[in-house]
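Inspection log for the structure reproduced underneath, given as structure tokens.
What's counted below: heavy atoms across the whole structure, side chains too, no hydrogens, waters or symmetry copies.
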Amino acid sequence: MTILLGIDPGLGTTGWGVISADGNRLSHIANGRIVTDTKASLANRLVELDRALTDIILEFRPDGAAVEEVFVNSNPQSTLKLGQARGACITALATCNLPVAEYTALQMKQAVAGHGLAKKEQVQEMVKRLLNLPGLPGPDAADALGIAITHAHAGHSMAKLAAATDLQRSTNGMYKAGRSR
């Protein structure tokens, strides 16, 4: 059994979700959101995010983590703040020695809802079904749980591929000894 932490980063609100994966069997452990104080300075909000995430990691002891990749929107300032929040999340994970994977929203929606253009409500409903939750998780927590689900499936597939394939460095196009002069 593997415990995975999924993160949907944001400066104002960061969603998080913890699941266990035993092969293809997934179980919900916990989820929530971290809300930073909008009146605080950017630096203090990033520290607040780092500390809250570190507390979650220490409480649930995940084996790995996945973070949603940054998308570029029409407001450059919003994109920069999102990137800074994402950096704080990745720093907290790395400080706790967790391996970190990254997935786009498109990849998560494809893995959870079956198509990359799924709406938030569809993701929430599918996360509820996949994890057998009693109710819909909030949108931030649903995205975070979706990222964890995506990692559970992708990580499992990548391990199978690595075991089935001889992954050796290709020598095509490399100089042979003595021919480089």
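If you chain together hydrophobic residues whose side chains sit under 4.5 Å apart, L46 and I57 never meet in one group. L130 and I7 fall into different hydrophobic clusters, where Ile, Leu, Val, Met, Phe, Trp and Tyr are joined by side-chain heavy atoms under 4.5 Å apart, directly or via other members. I3 and I149 are assigned to two separate hydrophobic clusters, defined by single-linkage of ILVMFWY side chains at heavy-atom distances under 4.5 Å.
Among residues two or more places apart in sequence or in another chain, the salt bridge (charged side-chain N to carboxylate O under 4.0 Å, His left out) test is passed with E125 by R129. Checked against side-chain contact (heavy atoms from CB on, under 4.5 Å), K39 has the following partners two or more places apart in sequence or in another chain: D37. Partners of D8 according to the salt bridge (charged side-chain N to carboxylate O under 4.0 Å, His left out) rule, which considers only residues two or more places apart in sequence or in another chain, do not exist here.
Nearest heavy-atom pair across A142 and V127 is O-CG2, 3.6 Å. Taking each heavy atom of P139 and K120 in turn, the nearest pair found is CB-CD, 3.9 Å. When every heavy atom of Q124 is checked against every heavy atom of G138, the shortest pair comes out as NE2-C, 3.6 Å. Residue A111 comes nearest to T150 through the heavy atom pair CB-OG1, 3.5 Å, listed as atom of the first residue, atom of the second, then distance.
Here the CG atom belonging to D55 is positioned 9.5 Å from the CG atom belonging to D50, to the nearest 0.5 angstrom. How far CG of L106 is from CD of E69: 11.0 Å, rounded to the nearest 0.5 Å. Rounding to the nearest 0.5 angstrom, the gap separating the CG atom in L4 from the CD1 atom in I29 is 8.5 Å. Here CZ of R61 is found 13.5 Å from CD1 of I56. Values are rounded to the nearest 0.5 Å. Rounding to the nearest 0.5 angstrom, the gap separating the CG atom in L133 from the CG atom in L131 is 5.0 Å. Annotation: the span from Q110 atom CD to Y103 atom OH amounts to 14.0 Å, rounded to 0.5 Å.
Counting only heavy atoms from C-beta outward, the side chains of H151 and L5 never approach each other to under 4.5 Å. V67 is not listed as a side-chain neighbour of I147, based on a closest heavy-atom distance of 4.5 Å or more. In this structure, N44 and T36 have side chains that are not in contact, with every pair of non-hydrogen atoms separated by 4.5 Å or more. Residues Q122 and H115 are in side-chain contact: their nearest non-hydrogen atoms beyond the backbone lie under 4.5 Å apart. A 4.5 Å side-chain heavy-atom check between M108 and V123 finds at least one atom pair inside the cut-off. V112 is not listed as a side-chain neighbour of K109, based on a closest heavy-atom distance of 4.5 Å or more.
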Please list every donor-acceptor pair under 3.5 Å in which a side-chain atom of residues 10-23 meets a protein atom from a residue at least two apart or in another chain.
unit_1	atom_1	unit_2	atom_2	d
T14	OG1	G10	N	3.1
T14	OG1	G10	O	2.6

Going by atom type alone, with no hydrogens or angles, which donor-acceptor pairs under 3.5 Å involve a side-chain atom of residues 84-100 and a protein atom two or more places apart or on another chain?
unit_1	atom_1	unit_2	atom_2	d
R86	NE	E68	O	3.0
R86	NH2	E102	OE1	2.1
T91	OG1	G87	O	2.8
T95	OG1	T91	O	2.7

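The stretch residues 20-41 participates, sequence neighbours left out, in no ring-ring contact (aromatic ring centres under 6.0 Å, His included) pair at all.
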